[in-house]
Amino acid sequence: MYAKTGFINDANRIFEEIPEKNIVVYNTMITGLLRCRFIVEAEQLFDNMPEKDSISWTTIITGLTQNGLFKEAVDKFKEMGIEGFCMDQFTFGSVLTACGGFLALDEGKQIHAYIIRTDYQDNIFVGSALLDMYCKCRNVKYAEAVFRKMRHKNVISWTAMLVGYGQNGYSEEAVRIFCDMQRNEIHPDDFTLGSVISSCANLASLEEGAQFHGQALASGLICFVTVSNALITLYGKCGSLEHAHQLFHEMKIRDEVSWTALVSGYAQFGKANETISLFETMLAHGIVPDGVTFVGVLSACSRAGLVEKGYHYFECMVKEHRITPIPDHYTCMIDLLSRAGRLEEAKNFINQMPFSPDAIGWATLLSSCRLNGNLEIGKWAAESLHKLEPQNPASYILLSSIYAAKGKWDDVAKLRKGMREMGVKKEPGHSWIKYKNKVHIFSADDRSSPFSDQIYAKLESLYLKMIEEGYVPDMSFVLHDVEKSEKIKMLNHHSEKLAIAFGLLFIPDGLQIRVVKNLRVCGDCHNATKYISRITQREILVRDAVRFHLFKDGVCSCGDFW
DNA sequence: ATAGGGTTAG
């Protein structure tokens, strides 16, 4: 009892007083030590036991896993096998979790083979752990195979698969399997619902998400703070700050994640002052911010160009809150400085960092160089990114767009050739819009939609009106050396423009047109959309890869700073 | 005495 409840000193005293200790007493003590994170002591006791059984071994493997010592757990598992101890569902469950913890796919596969030999593959615990391991190792195909073969499934196995889809970027599949699960009359619990809402958030699927909100209310699962937190995130990611705010106020219990979710929602929308004042309110309520909260605050500062405030909160995070910055925080700072055009300062900042930026950090710097037309630092960023991730198209694409904007077509061609030789492919830009429960997805110059004729005609007529109003196409966003008229056509057929035209045609007047894009919105499209919002008197909300743009009567909520 | 699934971010 003492061991379990964390009174480890009392437990230790009683343990010492027991004259003849049997194996159960040892095992219990080891469990207690591990729960209290006394790992060295637990291992010592384990090593000095007069006699061990399978449970002793499983206990130590589980404890190591739960303390994040995945490699050590797997090593102990191997030792256990060599010593000839019998393994059961508990052992397999723990060691598979450990494999997932440090992405040890090969070891996971070997253990899978062993599980089949020992006839444990039909065990529901082992099956769930297996498919979770494959998902964590980013092998969704194997996970699906395990899932299909499982004869018995419960809410945990279904949730593990759903989460696996979501975490590997297959958000649509996550939503699909959620529906499947309900058809199989498995009732979702708080984990399942929270997770499917989070997938909806990644799809920016407001309608679907709102239905899950309804389901949360009807089932009572809304009471779980995690479910409500997922909903706040959803509303934030869909740009519905009013809904996020309303739900936040309705919640009876809030934790630091609830506050952080709302802070991040405001930050994504670019409402820097609101983000900061919400953060200050959070502090005033005695809520302790964590590293994620600061990502929200810092990114709000960078989106609004509040360089001094950004410095201030970075200092505040390190000195007052004693949070060690991780690469994400450094990326925010790189973004803060470089986007504001202070590229030399960004360079100095990077050189003073305790470690080199990660790929996202370099890509951030590179994209600011593109914005500011800085070739010198841009080259440095592109080369560094290329060294880290040779297959990442961003190093080629962004650098070549700097060259293209300067008319240096020879260099553009060189990069293109390099890309081909390396087998690097540009991530295709897609924009999508939801209409009548169906997602309509567009890529540049796409004619696959049954409504293409109408869409292109709409764009053509809009283009003429835009020109009348003073719109000038910005050719620097065309990465090809072609005739001017061809460039204009290419610009006018960008995926976001196609999706917006679709919205203008089909979304009823008075409703917001909501478009999502997988990459950052293009500068010319941004400008054009401002004109379109004024000409048509429609509200257009575009969520790109990093933030929201709300276009209304010729103005964008980002204030053209992005 | 031992086990399997989530929520916040660039």
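Here is the naming used below: chain letters follow the sequence lines, and residue numbers restart at 1 for every chain.
- At whole-Å resolution of the value, CE in A:Met333 and C1' in B:dA9 are 16 Å apart.
- Scanning residues 57-79 of chain A for heavy-atom distances under 4.0 Å to DNA chain B yields A:Thr58, A:Thr59, A:Thr62, A:Gln66.
- To the nearest angstrom, C1' of B:dG6 lies 8 Å from CG of A:Asp190.
- Residues satisfying the salt bridge (charged side-chain N to carboxylate O under 4.0 Å, His left out) criterion with A:Glu107, sequence neighbours excluded, are A:Lys78.
- Between A:Arg303 atom CZ and B:dG10 atom P the separation is 5 Å, expressed in whole Å.
- A:Leu130 comes within 4.0 angstrom of nothing in the nucleic acid, heavy atoms only.
- Residue-level contact check: A:Val163 touches the backbone only, with heavy atoms under 4.0 Å from sugar-phosphate atoms and none from bases.
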Considering only distance and modelled atom types, tabulate donor-acceptor pairs under 3.5 Å from the side chains of residues 208-227 of chain A, sequence neighbours left out.
residue	atom	partner	partner atom	Å
A:Glu208	OE1	A:Ser205	OG	3.0
A:Glu208	OE1	A:Lys434	NZ	3.4
A:His213	ND1	A:Tyr235	OH	2.7
A:Ser219	OG	A:Gln215	O	2.7
A:Ser219	OG	A:Ala216	O	3.4
A:Ser219	OG	A:Leu221	N	3.4

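- Using a 3.5 Å distance cut-off with no hydrogens or angles, the side chains of A:Asp328 and A:Thr331 do not pair a donor with an acceptor.
- Checking B:dT8, B:dG5, B:dG10 against every side-chain atom of A:Cys332, the shortest atom distance belongs to B:dG10.
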Output side-chain donor-acceptor pairs under 3.5 Å for residues 354-362 of chain A, partner residues at least two apart or in another chain, one line each.
residue	atom	partner	partner atom	Å
A:Asp358	OD1	A:Ile360	N	3.3
A:Asp358	OD1	A:Gly361	N	2.9
A:Trp362	NE1	A:Pro357	O	3.3

Please tabulate, for the side chains in residues 244-257 of chain A, all donor-acceptor contacts under 3.5 angstrom to protein atoms that are two or more places apart in sequence or on a different chain.
residue	atom	partner	partner atom	Å
A:Gln246	NE2	A:Glu250	OE2	3.2
A:Arg254	NE	A:Phe248	O	2.7
A:Arg254	NH2	A:Phe248	O	3.3
A:Arg254	NH2	A:His249	O	3.4
A:Asp255	OD1	A:Asn229	ND2	3.1
A:Asp255	OD1	A:Val257	N	3.1
A:Asp255	OD1	A:Ser258	N	3.0
A:Asp255	OD1	A:Ser258	OG	2.9

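- The side chain of A:Ser198 sits closest to B:dT8 out of B:dG4, B:dT8, B:dG10.
- Regarding contacts with the backbone of B:dT2, a side-chain N or O of A:Arg35 is found under 4.0 angstrom from either OP1 or OP2.
- The side chain of A:Thr28 approaches B:dA1 more closely than any other nucleotide in the set B:dA1, B:dT8, B:dG5.
- Closest approach to the A:Asn229 side chain among B:dT7, B:dG10, B:dG5 is made by B:dT7 (side chain taken as heavy atoms from C-beta onward).
- For A:Glu345, the salt bridge (charged side-chain N to carboxylate O under 4.0 Å, His left out) criterion is met by A:Arg342, not counting sequence neighbours.
- You'll find that the side chain of A:Asp358 is closest to B:dG10, out of B:dG10, B:dG5, B:dA1.
- Closest approach to the A:Asp290 side chain among B:dG6, B:dT8, B:dG4 is made by B:dT8 (side chain taken as heavy atoms from C-beta onward).
- The pair A:Glu16-A:Arg13 does not count as a salt bridge, with every side-chain nitrogen at least 4.0 angstrom from each carboxylate oxygen.
- Residue A:Thr91 is classed as having no contact, given no heavy-atom separation below 4.0 Å to the nucleic acid.
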For residues 176-186 of chain A, which side-chain N or O atoms pair as donor and acceptor with protein atoms under 3.5 Å away, sequence neighbours left out?
residue	atom	partner	partner atom	Å
A:Asp180	OD1	A:Arg183	NH2	2.7
A:Asn184	ND2	A:Asp180	O	2.9

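- For A:His112 and A:Tyr134, the side-chain atoms include at least one donor-acceptor pair closer than 3.5 Å.
- Heavy atoms of A:Asp328 sit under 4.0 angstrom from at least one base atom.
- Computed from coordinates, the A:Leu193 CG to B:dG6 P distance equals 15 Å when rounded to whole Å.
- What separates CG of A:Leu33 from C1' of B:dA1 is a distance of 13 Å, to the nearest Å.
- With sequence neighbours left out, A:Glu43 forms a salt bridge (charged side-chain N to carboxylate O under 4.0 Å, His left out) with A:Lys76.
- The A:Lys237 side chain lies nearest to B:dA9 when the options are B:dA9, B:dG5, B:dA1.
- With B:dA1, B:dG4, B:dG10 as the candidates, the nucleotide lying closest to the side chain of A:Ser157 is B:dG4.
- Looking at residues 208-226 of chain A, you'll see A:Thr226 sit with a heavy atom under 4.0 Å from some atom of DNA chain B.
- For residues 114-137 of chain A, the pairs satisfying salt bridge (charged side-chain N to carboxylate O under 4.0 Å, His left out) are A:Asp122-A:Arg151, A:Asp132-A:Lys136, with sequence neighbours left out.
- One donor-acceptor pair, N or O on each side, does fall under 3.5 Å between the base of B:dG5 and the side chain of A:Thr159.
- The stretch residues 165-178 of chain A touches DNA chain B through A:Gln167, each having a heavy atom under 4.0 angstrom from the strand.
- A:Asp189 comes within contact range of at least one nucleobase, with a heavy-atom separation under 4.0 Å.
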Kindly list each side-chain donor-acceptor pair under 3.5 angstrom involving residues 192-199 of chain A, sequence neighbours excluded, with atom names and distances?
residue	atom	partner	partner atom	Å
A:Thr192	OG1	A:Thr159	OG1	3.0
A:Thr192	OG1	A:Asp189	N	3.2
A:Thr192	OG1	A:Asp189	OD1	2.8

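- Computed from coordinates, the A:Lys136 NZ to B:dG4 C1' distance equals 9 Å when rounded to whole Å.
- Considering only heavy atoms from C-beta on, A:Val295 comes within 4.5 Å of A:His329 through its side chain.
- The distance between the ring centers of A:Tyr26 and A:Phe15 falls below 6.0 angstrom.
- The base of B:dG6 is not paired with the side chain of A:Ser195 by any donor and acceptor separated by under 3.5 Å.
- Nearest nucleotide to the side chain of A:Phe90, out of B:dG5, B:dA3, B:dT7: B:dA3.
- For A:Gln268, whose side chain is taken as the heavy atoms from C-beta onward, the closest listed nucleotide among B:dG5, B:dG4, B:dG10 is B:dG10.
- Distance CG (A:Leu298) to P (B:dG10): 11 Å, rounded to an integer number of Å.
- Going from atom CE of A:Met133 over to atom C1' of B:dA3 covers 15 Å, rounded to whole Å.
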